[in-house]
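Order of listing sets the numbers, starting from 1, for every ligand and every atom in it. Worth knowing before you read on, the calculation uses all heavy atoms, side chains too, and leaves out hydrogens, waters and symmetry mates.
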Amino acid sequence: MSADTTQYTTTARLIHWTMAILVIGMIPVGFLMVQKGLDRSFQNFLFISHKNIGVLLLILIFVRLFNRWRSPPALHPVPMAPLQKLAAHMTHVGLYGLLLMMPLAGYIRVRAGGFPIESLDALGIPALVPRSEALAEAAKMVHFYGSYAIAALIVMHIGAACFHGLFLKDGVFSRMWPPVGKKV
Ligand code: HEM
């Protein structure tokens, strides 16, 4: 196995770390912006940022999936126990699913509820879902429960990454860090 096949490309690393920063920011902002008693203009700022960054994340997850299809993920630098492999695989599948589901549910919640998404409105992109209170309410529930699920998976993912990077030192962490690698 050549050393190169165990490393992620710079493109994959940049997408990974950009999304990581944005998603990790989206969760506290999402919880904060729905709190009662916030200053109105601060709350508006949080809502507008959350919606627009969420749409950017929706685009980025498709870019990421396309890039993953075009250049398959790096091979593991060391053999892993089957259970560990399964846990890593399930976490990653769950994260991809939620990274797709969360922005989609957010989008549907807002558009079906008849609310603006400022960046898309500025570009003249119309709502792609019909106005429906029932649909908006269902999407809101999905978004709400999904936020706990994605937070839990992110904690597991960071925990596993730290375990590899700090204790096992088996090269798994350095496949993705730093954000710029030797492979394009
Ligand atoms: C990965 C992307 C996203 C993450 C991690 C995320 C996370 C969250 C979290 C943690 C909350 C607070 C829990 C709740 O009340 O539901 C929230 C609320 C909310 N999010 Fe997101 N969000 C994402 C994408 C989006 C997008 C793309 C939109 C819309 C374009 C959106 C719109 C909303 C709205 C309107 C709320 C307020 C709750 C409600 O009334 O529905 N989110 N989000």
Side-chain angles (χ1 to χ4, degrees), residues 8 11-69 73 87-162 176-177 179:
Y8 280 103
T11 312
R13 289 171 189 234
L14 286 175
I15 299 172
H16 174 274
W17 290 107
T18 305
M19 288 189 77
I21 292 167
L22 296 180
V23 172
I24 289 170
M26 286 289 278
I27 298 171
V29 168
F31 282 119
L32 179 63
M33 73 192 191
V34 293
Q35 299 305 312
K36 292 201 169 68
L38 278 188
D39 171 70
R40 195 61 205 221
S41 59
F42 179 55
Q43 189 173 36
N44 283 344
F45 167 74
L46 294 181
F47 259 97
I48 292 170
S49 308
H50 187 87
K51 289 187 284 180
N52 289 332
I53 293 172
V55 169
L56 177 63
L57 279 165
L58 184 57
I59 297 167
L60 280 175
I61 189 63
F62 284 111
V63 173
R64 184 170 189 166
L65 288 170
F66 175 73
N67 184 59
R68 191 181 165 96
W69 166 74
H89 182 68
M90 296 307 286
T91 310
H92 296 158
V93 169
L95 278 171
Y96 271 104
L98 286 162
L99 283 172
L100 199 57
M101 194 187 90
M102 283 302 286
L104 273 179
Y107 176 89
I108 295 170
R109 187 268 173 276
V110 172
R111 285 314 206 188
F115 297 104
I117 296 181
E118 291 69 11
S119 57
L120 298 184
D121 292 342
L123 293 171
I125 299 172
L128 302 174
V129 289
R131 184 83 213 271
S132 153
E133 280 313 314
L135 183 60
E137 199 50 40
K140 182 176 170 174
M141 282 295 113
V142 170
H143 201 69
F144 178 73
Y145 289 110
S147 64
Y148 287 96
I150 199 167
L153 285 187
I154 289 172
V155 168
M156 284 164 66
H157 182 71
I158 294 176
C162 290
M176 193 55 100
W177 184 264

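Nearest heavy-atom pair, G54 versus P103, reported as atom, atom and distance to 0.1 Å: O-CB, 3.6 Å.
In this structure, a donor-acceptor pair under 3.5 Å is absent between the side chains of T11 and N67. Side-chain contact, S41 with D39: a donor N or O sits under 3.5 Å from an acceptor N or O.
The protein residues lying under 4.0 angstrom from ligand 1, judged by non-hydrogen atoms, are M26, I27, G30, F31, M33, V34, F47, H50, K51, G54, V55, L57, M102, P103, G106, Y107, R109, V110, I117, K140, H143, F144, S147.
Checked against the 6.0 Å centroid threshold, F31 and Y148 count as a close aromatic pair.
Contact of the L99 side chain with the L58 side chain is not registered, since no non-hydrogen atoms from C-beta on lie closer than 4.5 Å.
Heavy atoms from other residues, nucleotides or ligands lying under 6.0 Å from CE of M90 number 12 at most.
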